[in-house]
Structure formats: C-alpha cells, structure tokens
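Data block below; observations after.
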Number of protein chains: 2
Amino acid sequence: MTPQRAAILRLLDGNKRHPSAEDIYARIKRKFSGMSFATVYNTLQSLLSAGKLAEVRIDSKRSRFDPGLKPHSHLMCVHCGAILDLPLSRPPLPAGKPAGFRVLRCNVEFYGVCRDCGRKPAAGAKRRTICATEKKK
Amino acid sequence: MTPQRAAILRLLDGNKRHPSAEDIYARIKRKFSGMSFATVYNTLQSLLSAGKLAEVRIDSKRSRFDPGLKPHSHLMCVHCGAILDLPLSRPPLPAGKPAGFRVLRCNVEFYGVCRDCGRKPAAGAKRRTICATEKKK
DNA sequence: GTCTTGACAATAATGATTACAATCTGATAT
DNA sequence: ATATCAGATTGTAATCATTATTGTCAAGAC
C-alpha cells in the first residue's frame with residue numbers, strides 16, 4: 001500500500017461516476033503531481049485481479065471502473081456518456097447454451113438517452129452540457 | 001454497390017462466426033487482392049448505419065460483427081474467443097431506471113469456457129488449438 | 001550494511017480504429 | 001462519345017487507449 005494507491009482507492013471508494021482511467025489520473029494528479037499514468041493502470045489492474053473492482057465496458061471508447069461488487073447492470077446515456085447502476089431484477093439465463101459450456105459471468109447493459117440530453121435544445125441554441133460526465137469526441 | 005462491398009456482404013451473409021474486421025479483411029483479400037483495410041471499415045460502417053449489421057463488443061480486444069438482426073445474446077469462451085449466439089429467453093427490464101431516461105437497446109453477454117477448452121490437457125501436454133476462432137495474444 | 005522485492009515514473013511500443021488526400025469508377029447529362 | 005459529379009477505394013498517416021519496458025527508488029529481511 002503506497003500513497004498513490006491509497007489516493008486511487010479513496011477516489012474509487014463509493015464512487016458512482018464510473019470513471020475512466022484518464023478521469024482517475026486527472027483527478028489524482030491535481031493533489032498528487034508526479035503521478036504517472038502507468039501507476040493508475042497498474043493499480044487498477046491489481047484491484048481488478050484482487051476482485052475489488054469491476055471493469056465496465058459499456059462505453060466503446062474506453063473502459064470505466066466500478067467499485068460496486070454486487071451484481072448489477074448498467075445504463076449509459078449515448079449522448080453524454082453518463083453511466084448509471086441499475087439493480088439486476090432478473091438475472092438472465094443462458095437459454096440454449098451448448099452442453100459442456102461452463103458459464104462464468106454475465107453482463108447486462110442498457111443504452112439510451114438521459115432526461116437532460118433528451119430535452120431537445122431550441123433550434124439554433126447552443127448545446128448545453130448538463131451531464132456530469134461529458135462524452136468525449 | 002461495388003465488387004468489394006458485394007464480397008464483404010457475401011462473406012457476412014449467414015455467418016455465425018462473428019468475425020472481426022481483420023478476419024474479414026484476411027478472408028476477402030485472398031480472393032480479392034488489392035482490397036484495402038480502410039474499405040472493410042468503411043463498408044462495415046455503412047452496414048452498421050444502415051442497420052444491416054450489428055457490432056458485438058463482447059471481445060475486449062476488438063469488435064466483432066454479426067449479420068443476425070433478431071435480438072439475441074452472446075456467449076463467449078474466454079479461452080479461445082469463440083462467440084455463440086443464444087436466444088434471449090427473457091429480455092431484461094431496466095428496473096429502477098430514473099424517470100425520463102429513454103432506453104433504446106440492451107446487450108446481454110455471457111462469458112465462460114467452452115467444452116473443448118474446458119477439457120484440461122494432460123499435465124505437460126501441449127495445449128491443443130481446437131476452437132474455430134483462436135484467441136489472439 | 002547489503003540484498004531482495006515490489007512500486008514508481010517516464011517513455012516507448014502495440015494495435016485497433018479513424019482520418020485524410022489522391023485517385024478511380026460509374027452513372028448521368030450534354 | 002465526352003464532360004461532370006458523387007461517392008467508393010486505396011494507401012498511408014494519425015489517434016488514442018492500453019500494455020510493456022527500463023531504470024530508479026524505498027522498505028523490509030537478513
């Protein structure tokens with residue numbers, strides 16, 4: 001346990017924003033200049049291997065990270081990139097699975113448009129950036 | 001419609017292998033030398049926009065493509081990378097979705113180990129490469 | 001003190017995908 | 001047949017997230 005790792009852990013603990021590696025790097029570097037991007041990836045990898053963190057790949061551009069360990073699904077706004085947790089009401093069953101295939105885990109992902117992004121801006125108006133995690137590119 | 005596009009369409013039609021862009025490129029180039037990788041991506045993009053093809057992102061290394069348009073889920077062997085279609089017995093509902101969030105679509109993905117990869121090779125034996133789509137790297 | 005181990009930082013390398021500029025093709029109009 | 005124009009193709013360069021590498025450093029073991 002090093003100061004860098006502690007900082008990353010502190011940032012992630014209870015974090016519902018599903019930050020990307022870059023988000024984490026940017027945040028930590030403010031307090032902790034001299035932090036390396038590699039350390040972020042190394043730490044995330046350690047946490048993943050230790051099962052203390054989940055990688056969320058709902059965003060096609062980059063991995064996002066989720067300290068929540070209870071099984072749940074995700075809902076992403078395709079406009080602003082915000083990701084929300086959803087309880088997994090009915091864990092789906094792999095119907096029609098071929099014999100001998102051992103299923104290990106399952107992802108359920110929803111895509112849509114959040115309320116703020118769904119409000120059409122008036123014609124000619126500048127697009128407002130309302131959501132917390134603005135989509136990049 | 002050009003010869004290149006026709007070739008890509010022909011390859012994809014009814015294809016259950018969920019090929020990657022590189023798979024497609026390699027296959028087509030055999031018959032059609034002088035084919036460019038960019039054309040593969042362009043054509044795939046056109047087909048995606050036209051809704052004639054689905055992008056499957058279950059494989060973290062690269063996108064795979066699926067001509068099947070009926071909603072279904074996927075099951076991937078984490079060992080050999082093979083991807084199978086599964087019927088979606090119970091389309092999951094976004095429980096606890098916040099008001100105003102308009103849900104557009106949903107992905108259900110299963111990960112596991114296929115029968116061939118699950119057979120442990122005898123100690124010291126070379127790993128056999130059985131599955132159709134061998135995992136790269 | 002010296003050795004070992006692992007973490008850090010900086011940077012380079014990888015690899016899928018996208019962007020771009022130049023050329024080509026094919027249809028249509030003239 | 002020729003000119004024109006839009007869109008497709010090609011080859012290559014650029015992008016960008018992620019991984020690998022290398023040298024350095026600090027803490028604990030002996």
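Throughout, protein chains are lettered first and strands after them, A, B, ... in sequence-line order, and every chain is numbered starting at 1.
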Practice task
To the nearest Å, give me how far apart CZ (Phe65(A)) and P (dT18(D)) are.
Solution key: 6 Å
Practice task
Let me know the distance between CG of Asp59(B) and C1' of dA16(C), rounded to the nearest Å.
Solution key: 11 Å
Practice task
Give a yes-or-no answer on whether the side chains of His72(A) and Asp66(A) include a donor-acceptor pair shorter than 3.5 Å.
Solution key: yes
Handout entry: Atom CZ of Arg57(B) with >12 non-hydrogen neighbours under 6.0 angstrom
Key = yes
Practice task
Tell me yes or no: between the side chains of Asp23(A) and His18(A), is some donor less than 3.5 Å from an acceptor?
Solution key: no
Fill in the blank from the handout: Result for 5'-nearest mapping on DNA chain C, choosing between Ala38(B) and Thr2(A), is Thr2(A)
Practice task
Grab the CD1-P distance between Ile24(B) and dA16(C) for me, whole Å please.
Solution key: 14 Å
Problem - Closest nucleotide among dT18(C), dT17(C), dG11(D) to the Gln45(B) side chain - result: dT18(C)
Practice task
Scan Asn42(B) against the nucleic acid and name what it touches under 4.0 Å (heavy atoms): base, sugar-phosphate only, or nothing.
Solution key: base
Handout entry: Nucleotide dT19(D), atom C1' - distance to CZ of Arg62(A) in whole Å
Key = 18 Å
Exercise for the section: Tell me, please, which residues at least two apart from Phe65(B) pass ring pair (Phe, Tyr, Trp, His ring centres under 6.0 Å). Expected result: none
Exercise for the section: Indicate whether OP1 or OP2 belonging to dA9(C) is found under 4.0 Å from a side-chain N or O atom of Thr39(A). Expected result: yes
Practice task
Find the distance Leu48(A):CG to dT18(D):P and express it as a whole number of Å.
Solution key: 11 Å
Problem - Side-chain N or O of Arg5(B) closer than 4.0 Å to phosphate OP1/OP2 of dA8(D) - result: yes
Handout entry: Phosphate OP1/OP2 of dT18(D) contacted by Tyr41(A) side-chain N/O (<4.0 Å)
Key = yes
Exercise for the section: Look at Ser63(B) and dA16(C) and indicate whether a side-chain polar atom (N or O) is within less than 4.0 Å of OP1 or OP2. Expected result: no
Handout entry: Whole-Å distance separating the CD1 atom of Ile8(B) from the C1' atom of dA8(D)
Key = 12 Å
Handout entry: Asn42(A) and Thr39(A) side chains, donor-acceptor separation under 3.5 Å
Key = no
Exercise for the section: Tell me whether the OP1 or OP2 atom of dA9(C) has a side-chain N or O from Gln4(A) closer than 4.0 Å. Expected result: yes
Completion exercise
note: Met1(A), atom CE; dA27(D), atom C1'; distance rounded to Å ~ 15 Å
Practice task
Figure out the CZ/P separation between Phe37(A) and dA17(D), and round it to whole Å.
Solution key: 7 Å
